[in-house]
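Everything below concerns the one structure shown next.
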Amino acid sequence: EDNPKRQWLLQDFEIGKPLGKGKFGRVYVAREIKSKYVVALKVIFKEQIEKCRIQHQLRREMEIQTNLNHPNVLRLYGWFHDAERVFLILEYAHNGELYKELKRKDHFSEKQAATYILSLTKALAYCHEKNVIHRDIKPENLLLDHEGRLKIADFGWSVQSRSKRHTMCGTLDYLAPEMVESKAHDYAVDNWTLGILSYEFLYGAPPFEAESQADTFKRIMKVDLSFPSTPSVSLEAKHLINQLLVKDSTKRLSLQKIVEHPWIIKNADPTGI
Ligand SMILES: Clc1cnc2c(Nc3ccc(N4CCOCC4)cc3)nc(-c3cccnc3)cn12
């Protein structure tokens with residue numbers, strides 16, 4: 001407040017109930033005492049970080065998320081550390097995890113599913129513009145704010161796209177074909193995931209689910225996609241899913257084309273609620 005660059009301290013916060021635990025630590029709801037602002041405090045143990053040698057990954061998550069500012073991306077307000085822990089000060093998502101909502105409702109309506117997919121598409125377009133590829137978009141990493149607006153969280157696995165970093169201010173001119181190809185390939189993974197999530201939001205389970213990991217792998221590689229007869233889903237929705245779950249990453253529908261797709265135009269609430 002007076003000096004924004006002042007280091008945050010644990011004593012600046014009242015810690016509330018644990019919201020959940022991840023592999024590297026726990027997330028608590030907390031309140032910054034002076035401003036009474038409610039946040040989520042993600043506590044990560046340094047020994048865990050050293051043991052799994054994820055220092056660089058954590059630093060990358062923090063650099064990336066600090067620089068992202070989008071209504072559908074969970075804000076990272078700041079961070080601090082003490083002898084044994086690192087603390088991330090994150091935006092609190094009052095309505096919790098999207099996948100719990102999906103489990104509760106079995107599957108979403110076409111309007112709800114299209115609204116979430118539109119929010120995700122806009123958030124990913126923003127991230128890609130900032131050369132960030134999330135690579136791990138799944139219901140567990142999606143949270144809902146007090147208005148039910150979707151927030152992408154947990155950038156632990158995202159990467160700053162490497163090709164942009166190697167070339168001089170983003171020109172592709174000097175990149176070898178495989179580098180240009182890999183750049184296009186990298187970003188397109190998030191488009192595939194939007195297809196998976198569209199299916200999962202509408203049917204309640206992901207399209208290539210199978211008994212074993214090996215079977216799921218086979219189904220993905222074959223793009224072994226089929227639509228159950230119930231719940232009944234519109235042809236436009238199936239059309240969008242078919243245009244995203246394409247093996248050739250260069251043939252997947254672009255984020256811009258998703259925003260303009262008839263199913264999205266017809267069903268999504270542009271305010272994202
Ligand atoms: Cl980061 C971050 C920001 N906000 C959250 C959040 N918010 C949140 C709000 C409300 C409820 N409840 C609402 C009433 O019913 C019970 C659940 C849960 C989580 N949860 C987690 C989380 C949850 C589970 C596991 N690992 C992390 C992480 N978060």
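When a ligand or atom number is given, it counts from 1 through the structure's own listing order.
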Looking at atom 20 (N) of ligand 1, what's its closest protein heavy atom, distance included?
Leu19 CB, 3.7 Å

Check each heavy atom of Ala40 against ligand 1 and say whether those closer than 4.0 Å belong to the side chain, the backbone, both or neither.
side chain

Tell me which protein heavy atom sits closest to atom 4 (N) of ligand 1, plus the residue, atom name and distance to 0.1 Å.
Ala93 N, 2.9 Å

Would you call Arg60-Glu63 a salt bridge at under 4.0 Å N-O?
no

Evaluate the 4.0 Å heavy atom contact test for atom 12 (N) of ligand 1: does a protein atom fall under the cut-off?
no

Could you check whether any side-chain N or O of Asn72 sits under 3.5 Å from a backbone N or O of Leu150, counting only pairs where one atom can act as donor and the other as acceptor?
yes

Measure Lys100 to ligand 1 on non-hydrogen atoms and call it side chain, backbone, both or neither using the 4.0 Å cut-off.
neither

Any heavy atom of Lys42 sitting closer than 4.0 Å to ligand 1?
no

Hey, does His81 have a side-chain heavy atom less than 4.5 Å from the side chain of Arg85?
no

Taking only non-hydrogen atoms of Leu74 and a 4.0 Å limit, the atoms of ligand 1 in range are 1 (Cl)

Any protein heavy atom lying closer than 4.0 Å to atom 18 (C) of ligand 1?
yes

Of the protein's non-hydrogen atoms, which lies at the shortest distance from atom 25 (C) of ligand 1, and what is that distance?
Gly20 CA, 3.4 Å

Is there a side-chain hydrogen bond (donor to acceptor under 3.5 Å, both in side chains) between Glu209 and Thr216? Walk through the geometry before answering.
CA-CA 6 Å; Glu209 219 172 29; Thr216 303; over 6 Å; no

Electrostatic pair Glu14-Arg31, nearest N-O below 4.0 angstrom
yes

Would you say Leu143 and ligand 1 have an N/O pair spaced under 3.5 Å apart?
no

Would you verify that at least one protein heavy atom lies under 4.0 Å from atom 7 (N) of ligand 1, or report that none does?
yes

Which residue and non-hydrogen atom of the protein lie closest to atom 3 (C) of ligand 1, and at what distance in Å?
Glu91 O, 3.1 Å

Going by the atom numbers of ligand 1, which of them fall below 4.0 Å from some non-hydrogen atom of Gly96?
7 (N), 8 (C), 9 (C), 10 (C), 11 (C), 18 (C), 19 (C)

Output yes when Glu140 and Lys138 qualify as a salt bridge under the 4.0 Å nitrogen-oxygen rule, no when they do not.
no

Do Leu225 and Tyr199 make a side-chain contact, defined as non-hydrogen atoms from C-beta onward lying under 4.5 Å apart?
yes

Residue portion contacting ligand 1 (non-hydrogen atoms closer than 4.0 Å) for Leu90:
side chain

Is Glu101 paired with Lys105 through a side-chain N to carboxylate O contact shorter than 4.0 Å?
yes

I need the nearest protein heavy-atom contact for atom 10 (C) of ligand 1: residue, atom name and distance, please.
His94 O, 3.3 Å

Glu91 (side chain) donor-acceptor with Arg75 (main chain) under 3.5 angstrom
yes

For atom 27 (C) of ligand 1, what's the nearest protein heavy-atom neighbour? Residue, atom name and distance, please.
Val27 CG2, 4.0 Å

For Asp12 and Ile33, indicate whether the former's side chain and the latter's backbone hold a donor-acceptor pair under 3.5 Å.
no

